[in-house]
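A short worksheet on the structure shown next.
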Amino acid sequence: MVLRTFGWSFGVTAAGLVTAFLFGGWEAFALVGILSILEISLSFDNAVVNAGVLKKMNEFWQKIFLTIGILIAVFGMRLVFPIVIVSVSAQLGPIEAVDLALNDQERYEQLVTDAHPSIAAFGGMFLLMIFLNFIFDQDRDVHWLKVIERPLARFGQVEGLAVVIALIVLLVSGSVLGTHAALYEGHADESATVYLAGIAGLLTYLIVNGLSSHFENKIEEDEEQQHEAEEAARRAGKQAPVVLLAGKAAFFMFLYLEVLDASFSFDGVIGAFAITNDPVIIALGLGIGAMYVRSLTVYLVRQGTLDEYRYLEHGAHYAIGALGILLLITIRWHVNEVITGLIGVALIGTAFWTSVRHNRRDALRGGDEGGGEGGSPAQKPEVPSGV
């Protein structure tokens, strides 16, 4: 199971490290290894949340996520995305931007850094919406931090509350943190840029999540109709009709996962420049890390880890909320990437530990009371706002 799931990751690691050595010797080899570890530590919570979505998709779409999806993640977000940022912000053509990345890396790094407020606002709002919709989910049966989650879940009855809170956070970010001139003297106030990018992140979440939710609801309805049709066909000795909607639902879930991965990759891409400004080294290192995150996602799905450790998704969503807030804070102040990674690991580790304790207590009780709030150790799949 491990070799089958992580085989591609092992292969990509070997190829990436060999390429790094041939490209820049032992120094490049070491930098790629460091960046790979950075990406994995920053994106472990991404894998847990992805697994909550991916387990609803069939094996075909899981393979698409692990193959085509990784191409989008590595070449799209880790290599092409920074170049697009430079091209737009500096009003350069794509070829000129690539030339700048290869031949004037200090200028290239500076342009990516200058674009950070809009990147952080977009990614921060997208991740914040995931966390808010999770915490306000009144249909969730299992709660981890009950003192916090139970009262907030009641507020979920208020329609659009997550959007209102997110917009308030964006308003504060733009007015207080978005004054880029306070950080770089002589630069213009970038509050308007922060507002536009933040609203774009919010709208992206609402559109992609809304489409995914719509098709998921449709597929649930069709599954009920399919079950009834199968029963009727069985009684009549005929073959039941085939449901074709799953492909559309899976496609939009796949799209959601790619946007989610993009939001998680922002801090990794920006943080990578603190280690090296070579775009090739960054793409190799973050690409290897992204591959492991995807393999880990598939492994969690196939092992049923999210059902076995009931609070793991909770910890991942709290880590998402923390990362979203940290991204917004970095509009004004720098936050060390080590701090960002440790917060996520600590939250997920604590959730895992409390899940183990719960399972042990459940085993001691003989399973009679093991369900706790939900009535069963295996909790209902929890994905952001119906995705």
Do you know the tightest heavy-atom contact between [X] and [Y]?
X: Val32; Y: Ala20; value: CG2-CB, 3.4 Å
X: Lys146; Y: Pro151; value: O-CD, 3.7 Å
X: Gly16; Y: Ile288; value: CA-CD1, 4.0 Å
X: Ala28; Y: Ile281; value: CB-CD1, 3.5 Å
X: Leu328; Y: Ala120; value: CD2-O, 4.0 Å
X: Leu127; Y: Gly324; value: CB-CA, 4.0 Å

ring-ring contact (aromatic ring centres under 6.0 Å, His included) partners for Phe352, two or more places apart: Tyr309
Give, for atom [atom1] of [X] and atom [atom2] of [Y], the distance between the pair rounded to the nearest 0.5 Å.
X: Asn133; Y: Leu161; atom1: CG; atom2: CG; answer: 9.5 Å
X: Leu312; Y: Thr354; atom1: CG; atom2: OG1; answer: 9.0 Å
X: Met125; Y: Leu327; atom1: CE; atom2: CG; answer: 12.0 Å
X: Leu323; Y: Leu128; atom1: CG; atom2: CG; answer: 10.5 Å
X: Ser355; Y: Asp362; atom1: OG; atom2: CG; answer: 12.0 Å
X: Leu132; Y: Ile320; atom1: CG; atom2: CD1; answer: 11.5 Å

Give a yes or no answer on whether the side chain of Ser36 reaches the backbone of Gly285 with a donor-acceptor pair at less than 3.5 Å.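 A pair under 3.5 Å: yes.
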Hydrophobic clustering (ILVMFWY, side-chain heavy atoms < 4.5 Å, transitive) - are [Y] and [X] grouped together?
X: Trp26; Y: Leu35; result: yes
X: Phe122; Y: Leu196; result: no
X: Ile329; Y: Ile130; result: yes
X: Val164; Y: Val172; result: no
X: Met291; Y: Phe10; result: yes

Hey, does [Y] have a side-chain heavy atom less than 4.5 Å from the side chain of [X]?
X: Val163; Y: Leu206; answer: yes
X: Arg107; Y: Leu100; answer: yes
X: Phe131; Y: Phe136; answer: no
X: Leu167; Y: Leu171; answer: no
X: Tyr318; Y: Ile148; answer: yes
X: Leu170; Y: Leu202; answer: no
X: Val356; Y: Arg360; answer: yes
X: Tyr311; Y: Thr350; answer: no

More than 12 foreign heavy atoms under 6.0 Å from CD of Gln138: is that the case here?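 Yes, the 6.0 Å shell around CD holds more than 12 heavy atoms from other groups.
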Please check if atom CD1 in Ile95 has more than 12 non-hydrogen atoms from other residues, nucleotides or ligands closer than 6.0 Å.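 Open: at most 12 neighbouring heavy atoms sit under 6.0 Å from CD1 of Ile95.
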If the plane angle is over 60° it's perpendicular, under 30° parallel, otherwise tilted; pick one for His314 and Phe134. perpendicular
With Asp104, which residues qualify under side chain to side chain donor-acceptor pair (under 3.5 Å), at least two apart? none
Quick check, are the ring centers of Phe126 and Tyr205 under 6.0 angstrom apart?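 Distance test on ring centres: under 6.0 Å, yes.
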